[in-house]
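No hydrogens, no waters, no symmetry mates; every other heavy atom, side chains included, goes into these values.
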Amino acid sequence: MPTEGWASVGKFFLLLGGLFIALGALILVLERFPQLPIGRLPGDIRIERGNFHLYIPLGTSLLVSVLLTLLWSLISHLRR
């Protein structure tokens, strides 16, 4: 069994773990700034009726998706 295949899987998981650590740290830092509109962007759907609460973060999801796409493009461009 070739070892370079497993080495690339290991590198992928290390990168993924590093991204999760960075994302967790970013979330902890952003909690200290409640004035940021993350979670309250235009396009986020919030329905509250009595004891029922529904929250669908469409605007926030779109923003996070665009930022992650730009980050991934930058990383892939720098790796060439």
Name the atoms and distances for all side-chain donor-acceptor pairs under 3.5 Å in residues 47-67, with sequence neighbours left out.
| unit_1 | atom_1 | unit_2 | atom_2 | d |
| --- | --- | --- | --- | --- |
| Tyr55 | OH | Gly39 | O | 2.5 |
| Tyr55 | OH | Asp44 | OD2 | 3.2 |
| Thr60 | OG1 | Gly39 | N | 3.2 |
| Thr60 | OG1 | Asp44 | OD1 | 3.4 |
| Thr60 | OG1 | Asp44 | OD2 | 2.8 |
| Ser61 | OG | Pro57 | O | 2.7 |

In terms of hydrophobic clustering (I, L, V, M, F, W, Y; side-chain heavy atoms under 4.5 Å; direct or indirect links), are Phe12 and Phe20 co-clustered?
yes

Applying a strict under-4.5 Å side-chain criterion to I, L, V, M, F, W and Y, I'd like to know whether Ile27 and Ile21 cluster together.
no

Show me the side-chain donor-acceptor pairs of residues 70-80 shorter than 3.5 Å, one per line, residues at least two apart or across chains.
| unit_1 | atom_1 | unit_2 | atom_2 | d |
| --- | --- | --- | --- | --- |
| Ser73 | OG | Thr69 | O | 3.0 |
| Ser76 | OG | Trp72 | O | 3.2 |
| Ser76 | OG | Ser73 | O | 3.0 |

Distance col, row Leu23:CG vs Leu28:CG, nearest 0.5 angstrom, shows 10.0 Å

